[in-house]
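Encoded as structure tokens, the structure appears first; notes follow it.
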Amino acid sequence: FKWQFEKNRIEQGRVNDRRYNFIIELLSGIHLVKSMGLEEQMMRRYDQLQSSAAESNMRVTVWSELPANVGGLFSQFMLFGIIVVGGPGVMEGSLTLGTLTACTVMAGRALQPIQTAGGFWLRFANAKMAREQLHQVAELPLEFQPETPPFPKEIDGLVRLNSMSFRYSEEIPYLFE
């Protein structure tokens, strides 16, 4: 169960990375795409990437919601079983309604840790994968060169503006000339 969730979660990361990389590359070369008239092809390619991302997200959602759904199903079966077993005892008078209610409440409380453990298990797998991704980012090489001198604290320089004027529109007088 856990390995299936992890497999789908890894695939979701790959698909989303592929989609984000496509967007970044497309935006960095948007002038080329526009000049060559490749908008339709890029839209079709993005639609394919978006479709595979939606499928991957759906699979991850199904697997991540499974513990809660199965826990709810077991809870309903337990409630039904208590009523089926205890109901005739209440009707005969050998069991009180309060006792049956207490059994129902205790059964629900007994299942809560099991349901919580299933959800925790998947969240732990998710955190483990996020930690691995963080380590991968931390291990990337630095983009600056260590031998590059630091930026100076003070910069000596001079900026000279000659024959400059500014106004917001033709109807408004100059702010400065």
Are N57 and V15 close enough that some pair of their side-chain heavy atoms sits under 4.5 Å apart? no
Report whether W63 and V70 are members of the same hydrophobic cluster (ILVMFWY, side-chain heavy atoms less than 4.5 Å apart, transitive linking). yes
Whether S51 side chain and D47 backbone form a donor-acceptor pair below 3.5 Å: no
In one Ile/Leu/Val/Met/Phe/Trp/Tyr side-chain cluster, 4.5 Å: I82, L95: yes
Min side-chain heavy-atom separation R44-E40 under 4.5 Å: yes
Donor-acceptor pair, S75 side chain versus G71 backbone, under 3.5 Å? no
Within a reach of under 6.0 Å around OH of Y174, are more than 12 heavy atoms found that belong to other residues, nucleotides or ligands? no
Any chance you could measure M43, atom CE, to L38, atom CG, to the nearest 0.5 Å? 13.5 Å
Taking a hydrophobic cluster as the set of Ile, Leu, Val, Met, Phe, Trp and Tyr residues connected by side-chain heavy atoms closer than 4.5 Å, whether directly or through intermediates, do F74 and V105 fall within one such cluster? no
Between E6 and R9, does at least one N-O distance fall below 4.0 Å, as a salt bridge requires? no
Is there a side-chain contact between R109 and Q112, using heavy atoms and a 4.5 Å cut-off? yes
Taking all atoms of both residues into account, what is the closest heavy-atom pair of N8 and V60, and its distance? O-CG2, 3.4 Å
Any donor-acceptor pair under 3.5 Å linking the side chain of S56 with the backbone of S52? no
Run R59 and Q12 through side-chain contact (heavy atoms from CB on, under 4.5 Å) and show every step you take. CA-CA 9 Å; R59 283 192 298 271; Q12 179 190 35; over 6 Å; no
Can you measure from CD1 (I30) to OG (S35) and round to the nearest 0.5 angstrom? 10.0 Å
Connected via hydrophobic side-chain network under 4.5 Å: I24 and L140: no
All heavy atoms of M42 vs all of F22, minimum pair found to be O-CZ, 3.6 Å
Going from CD on Q133 to CD1 on I10, what distance comes out if it is rounded to the nearest 0.5 angstrom? 9.0 Å
Does L27 reach the side chain of I23, with side-chain heavy atoms less than 4.5 Å apart? yes
Could you measure the distance from the CE atom of M106 to the OG1 atom of T99? Nearest 0.5 Å is fine. 11.0 Å
Search all heavy atoms of G86 against all heavy atoms of L100 and return the closest pair with its distance. CA-CD1, 3.7 Å
From CG (L49) to CG (D17), nearest 0.5 Å: 11.5 Å
Closest non-hydrogen atoms of K34 and E39, given as atom of the first, atom of the second and distance, are CD-OE2, 3.2 Å
In one Ile/Leu/Val/Met/Phe/Trp/Tyr side-chain cluster, 4.5 Å: L26, L32: yes
